[in-house]
Amino acid sequence: MADAPALTFARIPHPAPTPAAARAAAIADPGFGKVFSDHMVVIDYDAAKGGWHSPRVGPREPIALDPAASVLHYSQEIFEGMKAYKQADGALALFRPQANAARFNASATRMAMPHLAEDLFVEAVRQLVDIDRDWFPAVEGGSLYLRPFMFATEAFLGVRPATQYKFLVIASPAGNYFKSGAPAVSIWISDYSRAAPGGTGAAKTGGNYAASLVPTAEAFAKGHDQVLFLDAVEHNWVEELGGMNLFFVFDDGTIATPPLTGTILPGITRDSLIQLAREEGLTLREAPYNIEQWQADAASGRLVEVMACGTAAVVTAVGHVAGPDREFTIGSGGPGQLTTKLREKLVGIQRGAIGDPHGWVMRVG
Ligand SMILES: *Cc1c(COP(=O)(O)O)cnc(C)c1O
């Protein structure tokens with residue numbers, strides 16, 4: 001593990017930034033992940049040069065890679081997803097960025113990649129938000145989505161951890177995550193598995209997403225918004241959606257969410273909701289829940305709400321569940337009271353509309 005370089009970033013403003021009119025058009029209707037800001041952060045790693053070096057924020061541009069770069073062959077790649085939110089006074093702020101930095105290093109450990117000091121990770125994100133703050137979307141509920149990522153650049157075809165890497169951060173103005181903008185989503189129970197015990201399910205690595213594309217396409221083709229993965233061994237225990245964690249709300253005021261056993265991604269939204277729910281006086285259990293029980297509880301009315309959560313879509317109600325051999329609706333099929341309440345609370349904290357007793361919000365000037 002290399003020492004952290006100084007937190008001094010070379011700042012190279014884009015020589016030909018997007019014209020103001022084109023930027024205004026882009027941020028008026030950004031969608032999700034389609035429009036990118038003018039700059040990016042780059043930090044290089046070379047084990048032979050003492051680790052991380054040359055942090056800089058400069059023009060967003062293509063990257064030259066050797067065709068033998070090991071990421072192209074053995075997929076040493078990890079990423080994070082986080083957002084900057086606009087506060088009541090117009091300042092931009094990050095939500096729990098240290099949690100993203102810590103998870104990034106946990107993913108790095110699993111993928112045999114070097115750690116990046118947490119304060120360097122957070123400073124990299126701050127640098128980009130600062131230089132591209134004019135890319136904040138001009139839409140209700142908009143945010144600036146930030147994508148820190150790292151990949152192996154060493155030209156070497158032997159199978160071992162690379163000795164050279166790049167860490168980058170790019171930014172993308174974001175509107176609403178779900179294409180339909182639906183108040184409750186419909187999910188498809190996949191026959192495919194996302195993660196096996198001992199695998200990489202808890203790491204935020206591109207390969208997990210590559211493996212989820214076929215199941216997700218199947219869910220879309222059947223008219224659903226998202227794919228649900230069950231456990232790989234018994235194909236019975238509920239794990240998570242393609243990119244969101246799940247919560248089950250019962251009529252006795254208790255809530256359950258699948259435990260972090262290594263096959264699901266430890267969401268920061270999940271962790272935040274656990275804390276908020278407990279503060280609401282609700283009993284929260286991290287406990288396995290199986291699909292048979294889910295269907296039975298939905299039918300009996302014991303299960304009143306299901307929430308899906310993640311940075312991209314925040315908190316969303318799951319209204320409808322279907323699979324090869326079952327189909328059922330939760331409650332009225334629309335968003336329930338607790339989903340709405342917790343969503344408003346979390347969004348309120350993120351946007352500075354309500355207090356932040358946990359110190360989750362980091363203003364970026
Ligand atoms: C990123 C991700 C989540 C959500 O994590 P957040 O930190 O809440 O954004 C959930 N599941 C998967 C598979 C993910 O990649």
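Order of listing sets the numbers, starting from 1, for every ligand and every atom in it. For the single chain, residues carry numbers from 1 onward in sequence order. The model shown is predicted, which means the values in this text are computed figures rather than measured ones.
- To the nearest 0.5 Å, atom CG of residue Leu338 and atom CG of residue Leu282 are 5.5 Å apart.
- Note that CD of Gln127 is 6.0 Å distant from CZ of Arg11, once rounded to the nearest 0.5 Å.
- Between Phe104 and Phe121, the gap from one ring centroid to the other is short of 6.0 Å.
- For residues 249-265, the set of pairs meeting the side-chain hydrogen bond (donor to acceptor under 3.5 Å, both in side chains) definition, not counting sequence neighbours, comprises Glu239-Thr263, Asp252-Thr254.
- Under the 30°/60° scheme for interplanar angles, the aromatic rings of Tyr289 and Phe248 are found to be tilted.
- The contact shell of ligand 1, taken as protein residues with any non-hydrogen atom closer than 4.0 angstrom, comprises Arg103, Arg194, Lys204, Tyr209, Glu240, Gly242, Gly243, Met244, Asn245, Leu265, Gly267, Ile268, Thr269, Gly310, Thr311.
- For Leu273 against Cys309, the heavy-atom pair with the smallest separation is CD1-CB, 3.6 Å.
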